[in-house]
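Here is the structure we will look at, set down as structure tokens.
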2 protein chains.
Amino acid sequence: MKTLKQMDRGALSDALDHAGQRTTPQREMVFSILLDERNHPTADEVYTRTKSRMPTISMATVYNCLEALVTCGLVKQVNIEREPTRYCPNLSPHAHFHCRETGRVYDVPVPEGMMKDLVKVLPGNYSADSVELVFRGHLEKGKTK
Amino acid sequence: MKTLKQMDRGALSDALDHAGQRTTPQREMVFSILLDERNHPTADEVYTRTKSRMPTISMATVYNCLEALVTCGLVKQVNIEREPTRYCPNLSPHAHFHCRETGRVYDVPVPEGMMKDLVKVLPGNYSADSVELVFRGHLEKGKTK
DNA sequence: AATTTGATTTAGAATAATTCTAAACTATAT
DNA sequence: ATATAGTTTAGAATTATTCTAAATCAAATT
Ligand SMILES: [Mn+2]
Ligand SMILES: [Mn+2]
Ligand SMILES: [Zn+2]
Ligand SMILES: [Zn+2]
């Protein structure tokens, strides 16, 4: 995909607007990069990919754009162990699987309502606004994805 | 608790031995510190507490000891967002709750078998050896623990 | 007991992801 | 046109952690 689909462009403007932030070419490009290949890239990977299409962009700007996208709710940060933060534009409730062999991170769809049900294990005085479920292991050979 | 209980001392020696590592005063002290106050301290906090009872210990040694304890399976690392790694000597399956207000991390007991059941959401070609469940939110006033 | 061996501890340097700073740039509002 | 405020940018700073190399220690062997 060379550019942002009209739908995504609209969602981006709306979300940024709602958070009092401007829509800029850099933010559009970074968002487009994230949507284009959803393999939980690190900031550095986003930088490399973005730079190939917008050679003047800086690392600082990539971090700034990613932060803007996270702030306005279009992207989630995924932290696994002490590795660099990864970025995920998948907004539906899902878990993550981290393969020890390849280091790759995969989205794992979960049954409807499961993430919300998990908070039921919390004692009454705990109130959670986010639930994070991460598996670690390996992918059997055969399917690589 | 001034020193390691006999039970814990034995578990420590056995576990270190099994991993081909020696039992040292520093490792015993660090382990004792972790067991004594189970509030998921960071390496830095462990360093401070340990230093008060063993003034010559160094930060490098604290990291080394913590790594030894993790390697031999007596302690788990807990990573939350980009914060410094925390250390948890609770070996029973449990979840974690991270309070946004205080920054503190709490153990959340889960029903028997729940952590193991969670892996059932994984497609057949995924095989997980660890499951991590983290909630984020806040503790209602009243009980602070 | 003295010596060898290898693991451990230690101080300090190095690393690396991220954040910060301040100047240049851009877009919008007046 | 000018002012204002947000954004981008390069590079410096930060910081948790790892690495390095020398000193220490403890077990094993002579
Ligand atoms: Mn991995
Ligand atoms: Mn917090
Ligand atoms: Zn994801
Ligand atoms: Zn814990």
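Residue numbering restarts at 1 for every chain, and letters A, B, ... go by the order of the sequence lines.
- Nearest nucleotide to the side chain of B/Gln26, out of C/dT10, C/dT19, D/dT17: C/dT10.
- A salt bridge links B/Arg100 to A/Asp129: at least one charged side-chain nitrogen sits closer than 4.0 Å to a carboxylate oxygen.
- Put simply, B/Thr56 has a side-chain N or O that comes within less than 4.0 Å of OP1 or OP2 on C/dT10.
- Put simply, A/Arg82 has no side-chain N or O that comes within less than 4.0 Å of OP1 or OP2 on D/dA16.
- Of all nucleotides listed (D/dT7, C/dT10, C/dT19), C/dT10 comes nearest to the side chain of B/Ile57.
- In this structure, the side chain of B/Ser13 does not engage the main chain of B/Gly10 through any donor-acceptor pair within 3.5 Å.
- Using a 4.5 Å heavy-atom threshold, the side chains of A/Arg27 and A/Leu16 count as touching.
- Listed pair A/Thr24 / D/dT8 meets the phosphate criterion, a side-chain N or O lying under 4.0 Å from OP1 or OP2.
- Computed from coordinates, the A/Asn64 CG to D/dA10 C1' distance equals 12 Å when rounded to whole Å.
- Nucleic acid contact for B/Thr61: base, since at least one base atom lies under 4.0 Å from a heavy atom of the residue.
- No donor-acceptor distance shorter than 3.5 angstrom exists from the side chain of B/Asp44 to the backbone of B/Thr42, with no hydrogens or angles considered.
- You'll find that the side chain of A/Arg22 is closest to D/dT7, out of C/dT18, D/dT7, D/dT9.
- Map B/Thr85 and B/Pro25 each onto its nearest nucleotide of DNA chain D; the residue landing nearer the 5' end is B/Thr85.
- Side-chain proximity of A/Ala60 to the nucleotides C/dA17, D/dT8, D/dA10 is greatest for D/dA10.
- Atom pair B/Lys51:NZ and C/dA11:C1' shows a separation of 11 Å (rounding to whole Å applied).
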